[in-house]
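Structure record follows, encoded as structure tokens.
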Protein chains: 2
Amino acid sequence: MKVTINDVAKLAGVSMKTVSRVINKEPSVRKKTFDVVMEAVNELNYQPNLAARNLAGTSSFTIGLVYDNPNAYYVIDMQNGVLSRCKDEGYELVIHPCSYSEANMEHDFKTMIKRSRLAGLVLTPPLSEQSSITNLLDELNIHYVRVLSGRPSEEEQDTCIYVNDFKAAYEITMHLLNHGHKNIGFICGDKEHKSTSERLEGYKAAMADHDTETNDAFIYDGKYSFESGVEGAQALLADDNKLAITAILGGNDEMAAGALFASRLMGIQIPEQLSITGFENSPFSRQTWPKLTTAHQENDVISQHAARLLFTKTRGARNQDKDIITSFTPSIVVRDSSGPKL
Amino acid sequence: MKVTINDVAKLAGVSMKTVSRVINKEPSVRKKTFDVVMEAVNELNYQPNLAARNLAGTSSFTIGLVYDNPNAYYVIDMQNGVLSRCKDEGYELVIHPCSYSEANMEHDFKTMIKRSRLAGLVLTPPLSEQSSITNLLDELNIHYVRVLSGRPSEEEQDTCIYVNDFKAAYEITMHLLNHGHKNIGFICGDKEHKSTSERLEGYKAAMADHDTETNDAFIYDGKYSFESGVEGAQALLADDNKLAITAILGGNDEMAAGALFASRLMGIQIPEQLSITGFENSPFSRQTWPKLTTAHQENDVISQHAARLLFTKTRGARNQDKDIITSFTPSIVVRDSSGPKL
DNA sequence: CAGAATATTGACAGCGCTGTCATTTTAACT
DNA sequence: AGTTAAAATGACAGCGCTGTCAATATTCTG
């Protein structure tokens with residue numbers, strides 16, 4: 001029933017330790033020995049026991065995914081991406097939702113780390129932006145990889161995966177500008193999130209490059225929620241601006257969906273009278289009518305690479321993974337919620 | 001840095017084994033000894049190492065959550081509920097998304113189970129309805145608890161958590177009937193899902209009890225997706241029925257949101273001309289305008305109880321948890337998408 | 001209060017693996 | 001071929017805990 005390393009060793013006619021070397025892809029195993037062992041592994045359908053590996057070894061085969069993000073779609077994508085790599089590499093994943101506000105977050109963290117010694121953590125935004133967290137982890141000597149909004153910086157390159165929100169926002173703004181829009185509103189997400197400022201800066205940069213003036217009244221401070229999108233559109237399209245604004249960039253799809261709702265409520269035709277764009281290409285963007293033009297963020301791919309980066313950090317020099325992408329730029333997906341200014 | 005059971009034992013002046021007894025809440029530990037040990041545990045902030053426990057013990061401190069559900073909100077809720085119990089009880093959670101269609105699902109399953117010996121699994125719908133899965137688990141001698149749509153049956157009571165979709169659908173239908181609606185459409189979810197038939201039966205039962213005739217043309221076979229909701233509404237409100245149907249029950253919120261969209265597209269006023277209701281009280285139901293009347297399903301609570309039930313099954317007779325609820329009935333939340341027939 | 005029954009504790013092996021270090025085999029030289 | 005260096009393999013301890021069973025402390029008998 002239960003197959004152990006000893007069973008494999010016996011079948012292959014080698015020592016336990018040699019089997020261990022093979023499954024850990026250690027060097028200095030003769031090719032022939034390797035093959036013999038692998039054959040035995042396959043024949044017995046051997047799966048190394050994670051608990052034993054974690055207990056015996058200096059490195060652990062468990063990583064954690066930490067998130068504090070209300071967006072279920074985002075979280076699931078991140079989970080699935082990390083998970084798929086974990087499966088491939090024989091790692092186990094411990095998920096750790098938490099909220100930054102919790103006073104006992106640090107305690108929770110430490111508990112998790114003590115219970116299962118972790119090889120490392122993947123931190124997702126907005127938590128990944130908190131220096132209090134990274135300081136804590138540095139102190140505890142825990143490896144981590146952060147997924148961040150922003151442009152890559154030299155020194156953090158090997159511990160971060162960047163999502164170039166700036167560039168994507170730039171491009172989506174340019175898309176609208178090229179369609180003749182000049183008075184373009186922007187509904188910001190939570191101020192505390194780095195993605196918010198990155199996207200806003202991208203928007204501003206595009207406006208500047210297009211010699212189009214930005215108007216502070218066209219920028220709405222919101223939260224990354226549907227309701228906030230509704231409110232944002234209502235504010236931006238209030239009587240004073242109603243005729244002026246011909247396009248609105250939503251900070252994310254959820255907000256854009258809210259803005260779209262609010263606009264329709266006001267009897268505004270989309271995209272004829274108003275173009276609306278989202279950000280992220282989450283299911284939200286496909287569940288509106290018309291479907292949202294947005295920036296496609298490959299969260300599952302992003303998180304896969306985050307996991308890969310973490311693995312190379314924990315595995316030391318050998319077994320390095322060379323094809324890790326550390327910088328992603330969401331690509332514009334043009335759908336039906338945006339069009340030329342009429 | 002790292003606190004082991006030996007450190008606690010030394011500090012408390014007892015043997016390692018006694019500490020083990022205390023943390024496992026075994027009987028036959030003198031109250032005084034218990035207190036002394038607990039004090040040491042707290043002073044050192046000791047957390048038992050999961051890998052060691054899993055390796056040494058006959059029972060494991062890891063459970064799995066298996067799902068095959070495209071609804072991110074649902075999955076996150078289930079995860080969080082199970083996770084919160086795991087934290088309390090010192091268990092670890094391994095999440096296992098999978099798709100039933102995958103040929104290698106059985107293999108994946110076995111691999112997961114071999115890698116980390118599991119105390120048991122929580123199965124969520126629609127996977128929990130597949131007898132091929134439960135047969136496989138029975139064969140492998142794995143404990144499991146299933147979350148199911150349907151009315152509790154005597155024999156399965158102690159391995160299932162039931163969600164009484166029938167009753168909830170009955171009530172939501174009654175709500176509409178009491179508002180004077182007679183021609184009520186129903187948009188079904190995936191036929192393969194038990195929840196679909198349960199909800200449909202509830203609808204039919206209410207209609208019957210209210211002496212209202214059901215019309216097969218008012219029932220649309222769909223899928224649990226937004227798009228399907230759109231199509232369902234379009235079909236139900238096609239020319240022949242357009243004037244006849246005054247209310248539509250969506251199989252879930254996502255479909256109801258789709259139906260609402262489609263209706264607005266056709267220029268139908270909600271709820272004046274048409275009442276629409278959802279099911280589940282997911283964020284979808286709050287991100288439509290008007291907000292959806294729906295049936296609130298406490299997924300996080302449901303999954304907490306599923307975890308508790310699983311724990312009692314694995315822990316043998318002692319440490320039984322007596323307050324487990326095994327049957328839930330979603331409660332109707334009346335919002336703005338439904339109203340009296342005018 | 002002796003002696004038996006019972007409750008409470010401890011000693012120790014071992015779960016399945018990896019790290020260390022010793023041993024054997026192979027390759028690389030005179 | 002004979003030596004030496006290097007590569008490949010194995011023996012064995014031990015990771016931190018739990019299960020078993022033996023040892024001790026406590027309580028209950030008459």
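Naming: A, B, ... by sequence-line order, numbering from 1 per chain. Any value given below was found using the heavy atoms of this structure, including those in side chains, with hydrogens, waters and symmetry copies removed.
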Inset, instruction - Using whole Å, report how far CG of B/Leu55 lies from P of D/dG19. - result: 12 Å

Inset, instruction - State, to the nearest 10°, the angle formed by the axis through the first five base pairs of the helix from C/dC1-D/dG30 to C/dT30-D/dA1 and the axis through its last five. - result: 30°

Inset, instruction - Could you tell me whether the side chain of A/Val94 reaches within less than 4.5 Å of the side chain of B/Glu92, counting heavy atoms only? - result: yes

Would you list the protein and nucleotides 10-14 of chain C atom pairs, both N or O, that sit under 3.5 Å from each other?
{"unit_1": "C/dG10", "atom_1": "OP1", "unit_2": "B/Ser15", "atom_2": "N", "d": "3.4"}
{"unit_1": "C/dG10", "atom_1": "OP2", "unit_2": "B/Ser15", "atom_2": "N", "d": "2.7"}
{"unit_1": "C/dG10", "atom_1": "OP2", "unit_2": "B/Ser15", "atom_2": "OG", "d": "3.0"}
{"unit_1": "C/dG10", "atom_1": "OP2", "unit_2": "B/Thr18", "atom_2": "OG1", "d": "2.6"}
{"unit_1": "C/dG10", "atom_1": "N7", "unit_2": "B/Arg21", "atom_2": "NH1", "d": "3.3"}
{"unit_1": "C/dG10", "atom_1": "O6", "unit_2": "B/Arg21", "atom_2": "NH2", "d": "2.6"}

Inset, instruction - Kindly say if A/Lys2 contacts the phosphate of C/dC15, meaning a side-chain N or O under 4.0 Å from OP1 or OP2. - result: no

Legend entry - Residues B/Gln79 and B/Tyr67: side-chain donor-acceptor under 3.5 angstrom: yes

Inset, instruction - Rounded to the nearest angstrom, tell me the gap between atom CG in A/Asn49 and atom P in C/dC15. - result: 12 Å

Legend entry - D/dT18 OP1/OP2 closer than 4.0 Å to side-chain N/O of B/Asn24: yes

Legend entry - Nucleotide C/dC17, atom C1' - distance to CD1 of A/Ile23 in whole Å: 8 Å

Legend entry - Atom-pair distance (NZ on B/Lys32; C1' on C/dT9), nearest Å: 14 Å

Legend entry - Within-4.5 Å side-chain heavy-atom neighbours: A/Ile142 and A/Phe109: no

Inset, instruction - Answer yes if the ring centres of B/Tyr162 and B/Phe328 are under 6.0 angstrom apart, and no otherwise. - result: no

Please write out the pairs of protein N or O atoms and N or O atoms of nucleotides 5-8 of chain C separated by less than 3.5 Å, giving the distance to one decimal.
{"unit_1": "C/dT8", "atom_1": "O3'", "unit_2": "B/Arg30", "atom_2": "NE", "d": "3.4"}
{"unit_1": "C/dT8", "atom_1": "O3'", "unit_2": "B/Arg30", "atom_2": "NH2", "d": "3.3"}

Legend entry - B/His107 and B/Thr111, any side-chain heavy atoms less than 4.5 Å apart: yes

Legend entry - Exercise: do A/Asn54 and A/Thr62 side chains pair donor with acceptor under 3.5 Å: yes

Legend entry - Whole-Å distance separating the CZ atom of B/Phe61 from the C1' atom of D/dT18: 9 Å

Inset, instruction - If the plane angle is over 60° it's perpendicular, under 30° parallel, otherwise tilted; pick one for A/Tyr91 and A/Phe61. - result: tilted

Legend entry - Whole-Å gap separating P (C/dC15) and CZ (A/Arg53): 19 Å

Legend entry - Between C1' of D/dC17 and CG of B/Leu50, the distance in whole Å: 11 Å

Legend entry - Length of the NZ-P vector between A/Lys10 and D/dT9, whole Å: 20 Å

Legend entry - Side-chain H-bond candidate by donor/acceptor type, A/Gln304 with A/Arg85, under 3.5 Å: no

Inset, instruction - Check for a donor-acceptor pair, side chain of A/Ser20 on one end and backbone N or O of A/Met16 on the other, with a separation under 3.5 Å. - result: no

Inset, instruction - Assess the side chains of B/Asp138 and B/Tyr144: does a donor N or O sit below 3.5 Å from an acceptor N or O? - result: yes

Legend entry - Test item: B/His143 and B/Leu121 side chains (from C-beta on) under 4.5 Å apart, heavy atoms: no

